[in-house]
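To start, the structure under review is shown below, and the notes come after it.
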Amino acid sequence: MVLEKKLADADVSEEDQNNLLKFLEKKETEYMRLQRHKIGVEDFELLTIIGKGAFGEVRICREKTTGQVYAMKKLKKSEMLRRGQVEHVKAERNLLAEVDSNCIVKLYFSFQDDDFLYLIMEYLPGGDMMTLLMRKDILSDDEARFYVAETVLAIESIHRHNYIHRDIKPDNLLLDRYGHLRLSDFGLCKPLDCSTLQEQDFSGANINEGTENDERSAAPKRTQQEQLEHWQKNRRMLAYSTVGTPDYIAPEVLLKKGYGMECDWWSLGAIMFEMLVGYPPFYSDDPMTTCRKIVNWKNHLKFPEEANLSSEAQDLINKLLCNVNQRLGSNGADEIKAHPWFEGVDWDRIYQMDAAFIPEVNDELDTQNFEKFDESENPVRKPSSKSGPWRKMLSSKDLNFVGYTYKNFEIVNDYAVPGMSMLLSPLYLPSYVHRQTWYWFHNHV
Ligand SMILES: Nc1ncnc2c1ncn2[C@@H]1O[C@H](COP(=O)(O)OP(=O)(O)OP(=O)(O)O)[C@@H](O)[C@H]1O
């Protein structure tokens, strides 16, 4: 009615008036269809696997009715329950649904069936930072600055919504088709259980001698290159293991002392170190030793001379990998942005600028920036039908997962039919509407 009234008062031909009304009707139909339809896994054609984690897998998929390509993350409910991750998976779904930011992967739907939870997200074809780092070994100062700066903005945006990630690592930094970074994987953190280890186990030199000494005496000190080779050999195995890699987790999180947003700035420091040195600062072949090194970071944070880090880079890392009360970022992200290592970064425009690397992406289904996964290797097993301790909890009506289902109606604008948010772009101009009318429509409705 509003449109009809405005059109009647405006200088728009009758033909264009009809066309605009037809277009709006189409969009409304799409919206209603979405509202009525109960979305399920059968609405998607399942394509290549692009990631595997402790709880399931990520693959690209195509929505059958619209042909639109997405990334589908599939999580096994029994595994979530067994590991007490139900609250975390809900937090992930809430954060993705709530935070609408350039720096956060966009969620379109979440739903469930008896055995699995599903997240349907935008597909980011540029790959993840773990894969980029494995392919490049180390980054230059300028390249690292770009990714660290975008990570600062991503962390800042989740902190603004009062979320703490706790498990920021290169695997969770994804790249879009232009090479810009987005943060993903919220809440599914799997820190090693260090609760049995007491702080004094790590802080005193005596107790530390244990594992560390073993490591030192068993193997001669490695060069940067040797350490990098060991790291790369173990990296993927750690990423897909059920415990995950503890390399980027802050000491206060490992010690379960209570933690705040500062823990995400520690992870940023560890990632920045890895970008410039080739492996993370507390790397050890054994994850438990990594944990010990992290909580006793004062004795273990060292910059290999061969890495030739600038004094500004070292200073920033030192100010991120330190005690919580001295950590940069404790008083907000601006503290970090003001550090001299970031000199010259245009914080307001960085997402509009060219990325450090532009990924090669040939078509919408291109997965060349991801590792190859074998379909048959570790398939996500279906829980045995009617037995097992979790069985009685596994139902799509399961109270544990109530409220998980979600639809993002922005999809009508983003994909299904060209909509309001796209009106600015003449690219989306339907052929039957004149350009001038289109702009009028945009300005008035
Ligand atoms: N939206 C996406 N677009 C492209 N790739 C993605 C997307 N989401 C995830 N991936 C790929 O899948 C991998 C695993 O994803 P994610 O870390 O979210 O899964 P997970 O099962 O929660 O893993 P984790 O073991 O880290 O908890 C990522 O490292 C990335 O390579």
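In what follows, every heavy atom counts, from backbone to side chain, and hydrogens, waters and symmetry copies are set aside. Counting convention: from 1, in listed order, for ligands and their atoms alike. All values reported here derive from a predicted model rather than from experimental measurement.
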Open item on the list: Under the rule for side-chain hydrogen bond (donor to acceptor under 3.5 Å, both in side chains), what residues qualify as partners of Glu229, not counting sequence neighbours?
Closed with: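 side-chain hydrogen bond (donor to acceptor under 3.5 Å, both in side chains) list for Glu229, sorted by chain: Gln225.
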
Open item on the list: Quick check against the 3.5 Å criterion: does Asp286 have a side-chain atom that pairs as donor or acceptor with the backbone of Thr289?
Closed with: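 Yes, Asp286 side chain to Thr289 backbone: donor-acceptor pair under 3.5 Å.
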
Open item on the list: Heavy-atom distances under 4.0 Å decide this one: backbone, side chain, both or neither, for Val105 against ligand 1?
Closed with: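 The part of Val105 near ligand 1 is the side chain, not the backbone.
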
Task: Structural part of Leu174 in contact with ligand 1, heavy atom criterion under 4.0 angstrom - done: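 For Leu174, only side-chain atoms sit under 4.0 Å from ligand 1.
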
Numbering as shown, the atoms of ligand 1 that approach [X] to under 4.0 Å (heavy-atom distance):
X	result
Gly51	12 (O), 13 (C)
Met121	1 (N), 8 (N)
Lys169	26 (O)
Ala71	1 (N), 2 (C), 3 (N)
Tyr123	3 (N), 4 (C)
Asn172	17 (O), 26 (O)

Regarding [X] and [Y], does a basic nitrogen lie under 4.0 Å from an acidic carboxylate oxygen?
X	Y	value
Arg327	Glu335	no
Glu57	Arg59	yes
Lys74	Asp115	no
Arg166	Asp264	no

Task: Closest to atom 29 (O) of ligand 1 among Leu175, Thr245, Asp171 (heavy-atom distance) - done: Asp171

Is the shortest N/O to N/O distance between [X] and ligand 1 below 3.5 Å?
X	value
Gly56	no
Asp128	yes
Ser184	no
Glu122	yes

- [ ] For Met130 and ligand 1, answer yes if some heavy atom of the residue is under 4.0 Å from a ligand atom, otherwise no.
- [x]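 For ligand 1, residue contact (heavy atoms, under 4.0 Å) with Met130 is absent.
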
Task: Over-ring placement of Lys136 relative to Phe357, 6.0 Å and 45° cut-offs - done: yes

TODO: List for me each residue that meets salt bridge (charged side-chain N to carboxylate O under 4.0 Å, His left out) alongside Arg62, sequence neighbours excluded, and say none if there are none.
DONE: Glu364

- [ ] Name the orientation class of the two ring planes belonging to Trp266 and Trp297 (parallel below 30°, tilted from 30 to 60°, perpendicular beyond 60°).
- [x]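 Rings of Trp266 and Trp297: perpendicular, as their planes differ by over 60°.
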
